[in-house]
2 protein chains.
Amino acid sequence: MAELVYKQIIDDLKEKIFSGQFADLKLPDERSLSETYQVSRSSIKRALTKMANDGIIFKKRGSGTFINPLYIKNESIFNYEGSNLGVSDNFQMNGKKPKIKVLEFEVIPPTDELQRDLFLQPHDFVYKIIRLRLFEDEPFMIETGYIPIKIVQNLNQTIIEGSIFHYLEDAHNLAVTKSFLSIYAEPSNSVDQELLNLKENEPISIMEGIFFLDNGTPFEFSQMRFHYKYMKFNTIVSVP
Amino acid sequence: MAELVYKQIIDDLKEKIFSGQFADLKLPDERSLSETYQVSRSSIKRALTKMANDGIIFKKRGSGTFINPLYIKNESIFNYEGSNLGVSDNFQMNGKKPKIKVLEFEVIPPTDELQRDLFLQPHDFVYKIIRLRLFEDEPFMIETGYIPIKIVQNLNQTIIEGSIFHYLEDAHNLAVTKSFLSIYAEPSNSVDQELLNLKENEPISIMEGIFFLDNGTPFEFSQMRFHYKYMKFNTIVSVP
DNA sequence: TTTCAAAAATGGTGCGTACCAATTAAATTA
DNA sequence: TAATTTAATTGGTACGCACCATTTTTGAAA
């Protein structure tokens, strides 16, 4: 994978960043990188621009390119840097493999709110899928998802015990490429406390929103209730 | 403003999109646009790439470039676009005016962590500013900010009782245009509970990170501890 | 008419050049 | 030495060319 030049450079630079090979948090200038990697400066620029958009570095004209210190000190598991949607991909930490326990799986008519969020008609139906996510035996998130039947007709217990997104991509050639998310926190309720091993005063972090296919079709509404220690969302906010 | 070629094109395309000049939600192909605007295809690509990153359009190789229907509908999800950084601007809710109560204001040497985050030398100094933010008489956030003295030398009680960002822009022509934020939740501590009127089981939402000037200079490290009901973060996450 | 392979359309990647703009470093001058 | 001017450094923008990968369209064959 990643045979593309600019992606190779990104991967290599990321690795060097994390292994501390740029002690002063400053990258070589673009022309040097171009020489070092034996690629055009355009490719270097493409790589650096992408990394800057992801918040890994920032560039300062006349001065140089610098590593974002916050990027290095990320210890938390959930690390959304705008490059990976879906949950399975984001939690490959410390060799602990994510597991999934299906709590509920049924077909229901959509509420008015769901009809609006997923652009459905009243006569449409949706899957309702509630799953508990774990690392090994450590539960960290309760996920409730709603998916219109008319998009995928053949979901079953086996499929939803794995990654639905991967199944869509493999079996139906449908790629989920974008999502609009709201993030907030709440006190945990008794169910949260039970399932996620939370004390009464410990909260949950909530991420909820709509996932879209690459053709713009709204594909899923999802609410993810996280054990608060496992949710850290990193983002860049910029003013045009 | 916007004398740059690719920005002009973005502005023009946005306007055409909103005025419904692309009825089929499909943009002309890149080569045609290049011809129409009499600019290189590279500039067209730069403009379209930016727009795609902003969620306005999406591109499909072999097929064309399409307008995101949600963008036209002006869904609230797109709030982030054109929104302002800084707290004052983001919380003009229901006509309630935000107030500021200064809790602490001093000059200290930066910790090692701050030195790294703000690219400081050990001999530099920073302002430490702790402020309580309120709507009318309703407190909603505790903000702790660290600003290097070498960037602004003349902060005083009066200034920090208002918007520091606005002061910077007005008095020093310095614009804050970017920030890298981490968002997470925690149980509230006794200080939080006291200042924000929280019950023991109610959490706080934390936003913390570095704010940058438009020239890339890291300007402030800030931690904002929110009453959980007043923090909801909307964002777009996309996969390339 | 239907099927399937070839061609066209369309966005993606990579290389290279030229010049601009902000910052920093060096040289010059007072 | 200190202040100022000049030069070098470094990222930004724009243009152009060549070719690739995916999708759609076209046209010939069955």
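Note that the structure is a prediction, hence the values are computed from the model and not measured. In what follows, chains carry the letters A, B, and so on, assigned in the order in which the sequence lines appear, proteins first and then strands, with residues in each chain numbered from 1.
The nearest whole Å value for the distance from the CD1 atom in Ile44(B) to the P atom in dT10(C) is 14 Å. To the nearest angstrom, C1' of dG12(C) lies 8 Å from NZ of Lys59(B). A straight line from NZ of Lys50(B) to C1' of dG12(D) spans 15 Å, rounded to a whole angstrom. Following rounding to the nearest Å, Phe58(B) (CZ) and dG11(C) (C1') show an atom-to-atom distance of 14 Å. We find that OH of Tyr6(B) is positioned 13 Å from P of dC15(D), with the value rounded to whole Å. Following rounding to the nearest Å, Phe66(A) (CZ) and dT23(C) (P) show an atom-to-atom distance of 11 Å. With rounding to whole Å, Arg46(A) atom CZ is found 18 Å from dG11(D) atom P. Per the geometry, CZ belonging to Arg61(A) stands 12 Å off C1' belonging to dC19(C), to the nearest Å.
Residue Lys45(B) has a polar side-chain atom (N or O) positioned under 4.0 Å from OP1 or OP2 of dG12(C). Contact annotation: Thr65(A) does not reach the phosphate of dT10(D) (side-chain N/O to OP1 or OP2, under 4.0 Å). The side chain of Ser43(A) places an N or O atom within less than 4.0 Å of a non-bridging phosphate oxygen (OP1 or OP2) of dC15(C). Look at Lys60(A) and you won't find any side-chain N or O under 4.0 angstrom from OP1 or OP2 of dT23(C).
Evaluation of the side-chain hydrogen bond (donor to acceptor under 3.5 Å, both in side chains) rule for Thr49(B) yields Lys59(B) as partners, not counting sequence neighbours. Remark: Glu104(B) engages Lys128(B) in a salt bridge (charged side-chain N to carboxylate O under 4.0 Å, His left out) (not counting sequence neighbours).
One N or O donor and one acceptor, one from the side chain of Arg41(B) and one from the base of dG11(C), sit under 3.5 Å apart. Counting distance only, with no hydrogens placed and no angle test, the side-chain atoms of Ser42(A) and the base atoms of dG16(C) include a donor-acceptor pair under 3.5 Å. Remark: the Ser40(B) side chain and the dG16(D) base include no donor-acceptor N/O pair separated by less than 3.5 Å.
With salt bridges taken as basic N to acidic carboxylate O contacts below 4.0 Å, none links Lys7(A) and Asp11(A). The residues Asp112(B) and Arg116(B) are annotated as not salt-bridged, no charged nitrogen and carboxylate oxygen being separated by less than 4.0 angstrom.
Heavy atoms only, all atoms of each residue included: Ser182(A) and Lys232(B) are closest at CB-CE, 3.8 Å. The heavy-atom pair separating Tyr6(B) from Ala47(B) by the smallest distance is O-CB, 3.6 Å.
Considering only side-chain atoms of Val5(B), the nucleotide from dT13(C), dC15(C), dC15(D) that sits closest is dC15(D).
Under a cut-off of 6.0 angstrom, the local environment of CD in Glu15(B) is sparse, with at most 12 non-hydrogen atoms contributed by other residues, nucleotides or ligands.
Residues from residues 26-37 of chain B placing a heavy atom under 4.0 Å of any atom in DNA chain D do not occur.
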